[in-house]
Amino acid sequence: MPQTYRDPEENLPEWLRALRKRQEEEAAASQPEPPAEEGRTEEPGWLSEIRQRYRTSSLEQDAEAETAALEDTQPRPPGRTESEPIQEPLPEPEEISPFSDSEPVLEEAAPAFPTEEPASQPAFADDPGDETSHPVVPAFSEDPEALGAEMPGWLESLRPDEGFPLEDERSEAMLPESGPLPTGPLADLSDALPASEIGQMGKPPEFSTRLEATASQRQHAAVLKELLQTEQQSAAEGQPPPLPARMLGMIISALLFLAVLFPLLSGSQSADRPEPSFFPEAGRLFNNIDVLPAGAPVLLAFELQPARYGEVAPAAAAVMRHLLDRQARLVFISTEETGPALAERLLAEQFANTPAISTGSYTNLGYLSGGVAALRSFISDPRGAVLGTPEREDPWAAAPLEGIQHLRDFALILVVSGDADTTRAWVEQGAIELPGGLFAATSAQAGPLLRPYLHSDPVTLRGLVSGVHGAVVYERLRGQDGLGRQYWDAYSYGLGSMALLILLGGLYSRLLQAQAEVKPAPGGGSHGP
Amino acid sequence: MVLDLDFIGLLVAAVLTLVVLSYALGDHPIFRFVLYLFIGVSAGYAAAVAVQDVVFPQLVYPILDELNAAPSLDLAELGVRVLLVVMLLAKLSPRTARLGNPATSLLAGVGAALAVGGAAQGTILPQIGSAAGSFDMASFNLAWQGGYYLEAIEVIFNGIVLVLATVSTLAYFHFGAVSRGKQEPLRNLLVDSLAWLGGFFIAIALAALFSGVLLAALGALVERLDFLQRTLSLLLGAP
Amino acid sequence: MNWRVHTPVAAAVAIVSGGLVLASLLIPGLDEARNRVLNWAILLAALGLLLGLANLFRVHWEKLRNRQNPAYSGVLIAAMLVTFAVTLWEGSRAELPSWIFNNIQVPIETSLMAVLAASLTLAAARMFQKRSDRISLTFGIALFIILLGSGPLFGMEIPFFTRTLTPIVSGFLAAGALRGLLIGVALGTLLTGLRVLVGADRPYGG
Amino acid sequence: MNFSAEHLIGLALALLIILSFVGRDNPRRAFRSIKAFKELRRSIELSVEDGSQLQISLGRDGVLGPHSAAAFAGLTLLNQVANTAADSDQPPIATTGDPALMLMAQDTLRHAYQRLEIPEHYHPLLGQATGLTPFSYASGSLAQLLDGSVSASALVGHHAEEAALISTASGTRGAFSLGGSPDLSGQALLFASTDEPLLGEEVYATGAYLDAGPAHQASLRAQDVLRWVIILAVLITAGLPLLEGLL
């Protein structure tokens, strides 16, 4: 049986361990002395300084250290360092991108290592195998030379001479057991924690103390916590989170599950249902479908992933049932790999007995790979977009689709989606080609985000049904019961328990927090997900 | 006893559902096992669908057609596609990875262009345009002419709140400030005041969005527990 | 200087292809060229999934070889290869791939989403342990109001919340801020995208 | 005048170019404090010093999705982190659900190692696709967190509800977590479940706040200018019908 909790070192992938080993061997071979003391010839200056900083005590900062710690929440002004005057610029390169950051950065710091590179040979033409011999090839910095050599400005601003809280006499008191750690990564590190906080950190806190801390504690103790966290990680992982926190997680999960299960097991269907008149966006969708002529081609962009299937199915099924009752010709498309399969699943689960479905009188255009790019391509030219099927059939050859040249030739476009983004992508990319806008049946989470589009000018989203709630509204509009009704009571009990649990759980958390503020807490991790 | 594939599938789905839901009570090795199973299955499925729906029709079939002397694409287009694919495959090894940069740069360029176009055309301009409806002037005129002055003022008030929420939210994120040496940088009074107000509106908007995610997850939970309950009923032979 | 020296082809490809696609969105008549470029990108993205598959295989093969939670990595590799082979061979709509999809992938994924109901409830309850600032407090109060009005609680609707207060909070007060957030995110997108299009950002390697 | 997308993009481009040169040496220019970036810096530093591993989660999809720009912001973060921490005991690891983004993350890391003159220490598996779909990507990152091999997570990129699996597990393991996503639903849940959330458009400010270069800072300043242009446009668009109605 594999171990559940392991030491982070132990859990390092083998390739990373091998890398580390190689790194250590090389370091041992080339640097017999500790790097911070000797200063590696290959080590960039900024890294030496970081190492040096954590090994050097400074006695001169208390109040200033606090200020400086706050100061690093902002980037330094563009193109300069606060600590250093602008230095002599390096010679202007012959050709420079207008967006190259070479000027300011080069002004700030001279390269720590030489950047002798071929002046004109394109990297693409270089022998790839030779790439290790080229010292500076930035990934996407604006000026590779400068970035390669300089210490990031924000890091520079934290150097000892600029007031970053360094190790001082408080550090020993803060560290576990008031003594230097004999081994491990914390062996010679320190931190800056105000004396007022020391009492709370007097003994080694548990790994999960972080979440029990107040904002103030967190602000001041962030560094020490990070250090302790790593140091004690393996030990803490072997221990369960504190009982109160574990209990909270378990109680919330158990109560929520029970609240949802109760109406399902009892078969209750008595919960109040929402009044459709309060949801005009659902009414607009209903009205537009209700006037469709028989055989009208309707495009369903089935942008669904399995995670959202269960929740979106009631709303999608309610609208699709209406479409099938109006004898619309359904055409499915999806930019999600799983969209076509989920469309088939919904058809099989809910509409297997409907004549149009059982006889296969619908078209599944399949999956459009390429995200927004593919969508853009499809919207501007549906027929030209790549729509391969394994059988290499031309889906557009079927009689009902013969007349479709443009997207606007569809009588109605419905986006069935689990999130607002895919619906937004359709709305945004189709803003020009679809002046009439489109409709959507989505997850509850997309609802708030799509509302602004319902009122945009020109109107890009004309109607919307979202979540189980939307399904119930639509079913009421149609006077039919469906999945929405089936789930509604459980949903209602789940909603009630969620509101209650958040309120009571929040109060309980505050109580725990208040206790932790009064006396040092042994831990405060959470339990469960 | 003959077990048909559908029935086994139902059992498998029910067991997997139970294992994953049990994670809510705490992590355990069986959950991890299911997690890795899921990663494997979903990766295999996604890659196969992509190959089947895109790579075959866009690349493999045209090459086969070309080899069979029945070209379905012009040679230059096919050549570019093959070249791009070879470049991308060069990314498999660190030694040849740089050869593939043009292929990834094409993706980056196209992605950036679509993002820029979508943001400007699809979001910023329509959302500015939608501000025109902030004040429901039709309702205002109706109320005013009918002597419902309080309602008319309410319409105006609503519009002001709507516009203020948008403006203050935008102002909240204003990044520029004046450096004050060791102290925190300061924004100007107008921006700071608007930003203070914007904080409230942002919190409310985030709460609305968070509730949406909560309700979506609740919907999924209801569906799963309903599925488990129905499966159990089926197994127990209940009607 | 350097981008020209080191990444002339890559940067040029990004700028030209991106510029063309962007221009085609704004200027009519470039549709054909745009669709051609988009199709190349689509092909590359699809092929990328195979590279992703190779990456996953390699990570877990290493783990398997080094007996680092080998059972987990073993099941991942086996599931991945079997699903890939079966789906590719039979087609995604065939019986066996559909069975795997409908009875393994969908239940697990939907259940993970369902688990979020508990974990997000817990996260919301515990948020005040992390932060108790003005925005968090407003968030908590607004969330509670919205939940009370999102439907009937334990079967009973509270009309004051469902019809009055919650629509004001989630529909009216949030609407303006959502518009602001959407515009703000779009602004960030616009500028970040432009940085790539002019070659100032080169996330495609140098 | 009718303000169209061409005008908006042209204005943004012009501002980006002009502000790359104008006013960047003004010592009084700064950006407001954002606590999340401060904590992120600490985490980066500590990963250098204490051997803890920083996981940069770049998101569920990216390059061809509507949120490619956020993925690029995540890559900027990765670049800056790698500049600092590539040489540490446990170098930063990048995870994503988008293979194309994985390739870019690998490129970013590879070049960081080259810059630091330790190209032999680079390994392609430092950039991983932990899954090829959103939830499987989150599951892969979750598994890494549960295994205890990661001590801090920065989620910068397109994340939606699946990110809660990562952020809540981070809380469980006591790992520091920071989150920013262009997906507003994702943002809301990261707000509730991470230690340090990045709100709204702050995710795009990553480069400027981590000193990735003047173009990043110029673009943030351009964003500010455009912000007020848009505010003005909103006020005019909303106010005109009101004035017409009242007059």
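Any value given below was found using the heavy atoms of this structure, including those in side chains, with hydrogens, waters and symmetry copies removed. A, B, ... follow the sequence lines: proteins, then strands. Residue 1 opens every chain.
- Taking every heavy atom of both residues into account, B:Leu107 and D:Val63 meet most closely at O-CG1, 3.3 Å.
- Heavy atoms closer than 4.5 Å to chain B are found in both the backbone and the side chain of D:Ser139.
- Taking a cutoff of 4.0 Å between a charged side-chain nitrogen and a carboxylate oxygen, D:Asp107 and B:Lys91 qualify as a salt bridge.
- Taken from CG in B:Asn101 to CG in D:Leu103, the straight-line distance is 10.0 Å, to the nearest 0.5 Å.
- Listed for the B:Arg187 side chain is no donor-acceptor partner under 3.5 Å among the backbone atoms of D:Arg32.
- Checked by atom type and distance alone, the side chain of D:Ser68 pairs as donor or acceptor with a backbone atom of B:Gly111 at under 3.5 Å.
- For the atom pair CG of B:Leu114 and NE2 of D:His67, the computed distance is 13.0 Å after rounding to the nearest 0.5 Å.
- For the set D:Gly140, D:Gly239, D:Ala5, the entry with the most heavy-atom pairs within less than 4.5 Å of chain B is D:Ala5.
- No side-chain heavy atom of B:Phe173 sits less than 4.5 Å from a side-chain heavy atom of D:Gln223.
- Considering all non-hydrogen atoms of both residues, B:Val178 and D:Arg28 come closest at CG1-NH2, 3.1 Å.
- Looking only at heavy-atom pairs under 4.5 Å with chain D, the residue among B:Ala208, B:Ala108, B:Gly212, B:Ala115 that has the most is B:Ala108.
- Contact detail for D:Pro241 and B:Ala132: the closest heavy-atom pair is CG-O, 3.7 Å.
- Only the side chain of D:Ala205 comes within less than 4.5 Å of a heavy atom in chain B; its backbone stays farther off.
- Between B:Glu184 and D:Ser33 there is a side-chain heavy-atom pair separated by less than 4.5 Å.
- Side-chain contact between B:Tyr23 and D:Leu142: present, with at least one pair of heavy atoms (C-beta onward) separated by less than 4.5 Å.
- Partners of D:Phe191 according to the ring pair (Phe, Tyr, Trp, His ring centres under 6.0 Å) rule, which considers only residues two or more places apart in sequence or in another chain, are C:Phe139.
- Only the side chain of D:Leu8 has a heavy atom closer than 4.5 Å to any heavy atom of chain B.
- Heavy-atom distances place no part of B:Leu214 under 4.5 Å from chain D, backbone and side chain included.
- Proximity of a side-chain donor or acceptor of D:Asp224 to a complementary backbone N or O of B:His174 within less than 3.5 Å is not detected.
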Would you be so kind as to tabulate the donor-acceptor pairs closer than 3.5 Å made by side chains of residues 147-166 of chain B, with sequence neighbours excluded?
residue	atom	partner	partner atom	Å
B:Thr166	OG1	B:Leu162	O	3.1
B:Thr166	OG1	C:Gly176	O	3.0

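- D:Leu242 touches chain B through backbone and side chain together, each having a heavy atom under 4.5 Å away.
- Heavy atoms closer than 4.5 Å to chain B are found nowhere in D:Leu240, neither backbone nor side chain.
- Of all residues spanning residues 134-146 of chain B, those with a heavy atom less than 4.5 Å away from chain D's heavy atoms are B:Ser134, B:Phe135, B:Met137, B:Phe140, B:Asn141, arranged by number.
- Residues B:Phe175 and D:Glu202 are in side-chain contact: their nearest non-hydrogen atoms beyond the backbone lie under 4.5 Å apart.
- Residues of residues 34-46 of chain B that come within less than 4.5 angstrom of chain D, heavy atom to heavy atom, are B:Leu35, B:Tyr36, B:Phe38, B:Ile39, B:Ser42, B:Ala43, B:Ala46 in numerical order.
- Here the straight-line distance linking atom CG of B:Leu209 with atom CD of D:Gln187 works out to 8.0 Å at 0.5 Å rounding.
- Looking at D:Phe135, both its backbone and its side chain come within 4.5 Å of chain B, counting heavy atoms on both sides.
- For D:Leu189, the parts sitting under 4.5 Å from any heavy atom of chain B are the backbone and the side chain alike.
- For B:Val213, the part lying near chain D is the side chain, with the backbone staying farther off; criterion is any non-hydrogen pair under 4.5 Å.
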